[in-house]
Amino acid sequence: MTQEILIIGSGAIGLSLAVELKLRGASVTVKSRNFREAAVHAAAGMIAPQAEGIPSGPMLELCLRSRQMYPEWTRKLAEISGLAIEYWPCGILAPVVDGTTPDFAREPAREPVKSRVGIARSGLPAYWMDGDAVREYQPGLGTEVTGGWWFPEDGQVDNQMLARSLWVAAQTLGVNLQEGSAVESIERQDGQVVGVRTRDGIDRAYRYVLATGAWFEELLPVPVSPKKGQMLSVRVPQGEKSPLQRVLFGPGIYIVPRRNGQIIIGATSEDVGFTPGNTPSGMKGLLDRAIGMYPALENYPIEEFWWGFRPATPDELPILGASDWSNLTLATGHYRNGILLAPISAKLLADSILEGKTDPLLKQFSVRRFDRRVAQSNTIATPTNHYRSMSSNLTSPTASSIAFATPSALATAPENLLEIAGRQFQSRLMTGSGKYTDFDRMRQSIAASGCQIVTVAVRRVQTNAPGHEGLAEALDWSKQWMLPNTAGCKTAEEAIRVARLGREMAKLLGQEDNNFVKLEVIPDPHYLLPDPIGTLEAAGQLVKEGFAVLPYINADPMLARRLEDVGCATVMPLGSPIGSGQGIQTAANIRIIIESAKVPVVVDAGIGTPSEAAQAMEMGADAVLINSAIALAQNPPVMAKAMGMAVEAGRLAYLAGRIPVKERASASSPQTGTIASTVS
Ligand code: GLY
């Protein structure tokens, strides 16, 4: 029986692999969120391992092998799909503009330029031309051009034709193409993927491939981020012959002439997340550089402009091959070279998936290289790592197995434990993991506080925000219960997505059954006040998805009730704005919330001192969450200890019941029943 392979992602990589697997007899399904958004549509289609300046090594080898496959690969795709693909090995000329003398041996050229040329020593055909030679070879170059490299074996493919042809070839071969089927999460159990969740339910297969390009990190905590590229095209005026018969690839600019008269100009490379749209400055930069390099363009009519998102890893190399789940293969991070690398990626991954053959080259692109990077970082004392630790032997902690500072017997009597979503905790202090100067101090402080729940900003950890690289691995999750939070999310949609990632992160760090999320939807950058409507919306959805939701809210009793009604596990009203240290400014409302709520009330944000922590607990809060007041104290571990003691003191005071407030003094020594009165 053929066993189904499910590919998530319909970009150049996902579809090329689908076609390759199908040609080798596999049964293949492709889930495509939106084919039109794939980076393949936004590209210029350069086949440019040399012009891109990829240094010698495994990446160059991968690129060259793929370039070599191009003629036959595109011929075969065109034959299957019945759609032409214009692959044009037109060569790429790379003008330089700064007069730098290139590193090459001035050997006489063998082709095609007659004078003042040299050939590079790399062993690959690459010819240097000085200013005069380059102008002779390519008339019309701007005055700023001082020389150039000629790479005769680089070229281009019409990426739009390629995309269409890949889709139709997959369809023709009988790949089950599911457009509009967005995978929301990957379900995993015991080291295997057991299904993918979409809006319509769970789909199962025998093997899975994740190839979602720039969107990869929405489904798996692997460092892949979008690099936006803006582009435009002009057209050679009607009746004129195109003056360009090769790609020009200068500093920060490329000009790609198609045979049909279209000329593509690209591309910016921007770290702006998924911010859509072309910008005036992006377009201006491209046009200035393009006109500088090839002035005739300035009068050509503009045809179109567009943008796309390349998937970039921290080392700008792709991630290809096995993952920590035995039946999940990864394929992303092709960054500027996705189209070039499609044929070789498909071949090597198909060899590995169907035949268990791992080309030695594939090993160089394993996701595990990111383990080492983090494990070697000297800020991390725990010898776990960024990705592999996910595998791991950590056992799931249960609250009862979390033994730490020993609170007094009364506070820890079974009836007095803090219970959230069916899980019990002895400590009523939750702490954060942000803002510490180093991981050692963070670990010491968390230990000194005696807390059992530590919140972690999922997004900051995943994007390796300053101070967050390796943070999740720096803590011992057999001692702490992780509370992933959605800090940094401005909308309900973002928060939902990040919550799902948080659940994955907790799982990967050994807490298989952790479904907690501290929900933060915060559009306001100044006071960091939460959006009540977005929070309620996201909470409802996350509860439906089985999360234990702990929403961070303003101290609004009605909102607290609504959140409880939709099934939140706690409510977390703020005492005052996050990090402000202003203490409990919202006491009156927090009291109302405590009175009415049936779920635990956690006072979150604003606490600056132990007395304020104790105050919240004396009021009857079930717990408090404190980060800045500890992390930014002059001596964080000592402050952490003080906060832990204050929370316990406040709790005991609440349980003990305070004396009523009276208008008048009442003497400490009773007036009746005194020795004097009995004697008299
Ligand atoms: N391959 C060119 C680019 O990504 O802009």
Side-chain angles (χ1 to χ4, degrees), residues 11-13 16 37-55 59-60 62-64 66-67 70 74 86-95 149 151 153-163 213-216 224-234 246-258 262-272 274-279 281-283 285-290 293 304-319 332-345:
I13 304 298
S16 304
E37 278 194 357
V40 61
H41 296 286
M46 278 186 301
I47 307 297
Q50 291 180 263
E52 285 276 2
I54 295 165
M59 177 64 171
L60 184 61
L62 192 74
C63 290
L64 292 174
S66 209
R67 184 178 73 181
Y70 243 86
T74 44
E86 200 165 277
Y87 165 61
W88 185 13
C90 55
I92 297 185
L93 180 64
W149 284 98
F151 303 111
E153 294 192 3
D154 279 352
Q156 60 162 305
V157 64
D158 184 319
N159 54 299
Q160 298 292 355
M161 287 170 130
L162 176 70
W215 292 265
F216 200 84
V224 179
S225 54
K227 272 267 165 88
K228 180 172 164 183
Q230 301 189 44
M231 314 184 75
L232 75 154
S233 66
V234 296
R246 59 188 65 86
V247 173
L248 302 182
F249 192 155
I253 191 77
Y254 47 79
I255 299 173
V256 183
R258 300 279 198 240
Q262 187 188 34
I263 297 178
I264 293 171
I265 298 172
T268 62
S269 195
E270 302 163 64
D271 279 314
V272 292
F274 287 106
T275 311
N278 288 102
T279 60
S281 96
M283 293 291 101
L286 291 178
L287 287 168
D288 285 348
R289 287 190 292 274
M293 194 164 74
E304 256 184 283
F305 34 89
W306 65 93
W307 73 93
F309 300 106
R310 313 170 180 90
T313 61
D315 58 12
E316 299 184 352
L317 301 176
I319 292 172
T332 187
H334 292 74
Y335 187 38
R336 297 178 64 93
N337 300 295
I339 291 186
L340 165 63
L341 289 174
I344 190 75
S345 302

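Sequential numbering from 1 along the given sequence is applied to the chain's residues. Note that ligands are numbered from 1 as they come in the structure, with each ligand's atoms numbered from 1 the same way. No hydrogens, no waters, no symmetry mates; every other heavy atom, side chains included, goes into these values.
Using cut-offs of 30° and 60° for the angle between ring planes, the F274 and W215 rings count as parallel.
Taking a cut-off of under 4.0 Å to the non-hydrogen atoms of E52, the atoms of ligand 1 that pass are 1 (N), 2 (C). The ligand atoms of ligand 1 that sit less than 4.0 angstrom from a heavy atom of A267 are 5 (O). Numbered from 1 in the order shown, with element, the atoms of ligand 1 that lie under 4.0 Å from a heavy atom of R310 read 3 (C), 4 (O), 5 (O).
Interatomic distance, W307 CH2 to T275 OG1, rounded to the nearest 0.5 Å: 11.0 Å.
With a 4.0 Å cut-off on non-hydrogen atoms, Y254 touches ligand 1 through its side chain and not its backbone.
R67 meets the salt bridge (charged side-chain N to carboxylate O under 4.0 Å, His left out) test with E153, D154; sequence neighbours excluded.
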Salt bridge (Lys or Arg N to Asp or Glu O under 4.0 Å) evaluation trace for E52 with R336
CA-CA 9 Å; E52 285 276 2; R336 297 178 64 93; 2.9 Å; yes
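A donor-acceptor pair is defined here as one N or O able to donate and one able to accept, closer than 3.5 Å; no such pair exists between the side chain of W149 and the backbone of A94.
For atom 1 (N) of ligand 1, the closest non-hydrogen atom on the protein side is R336 O, 2.7 Å.
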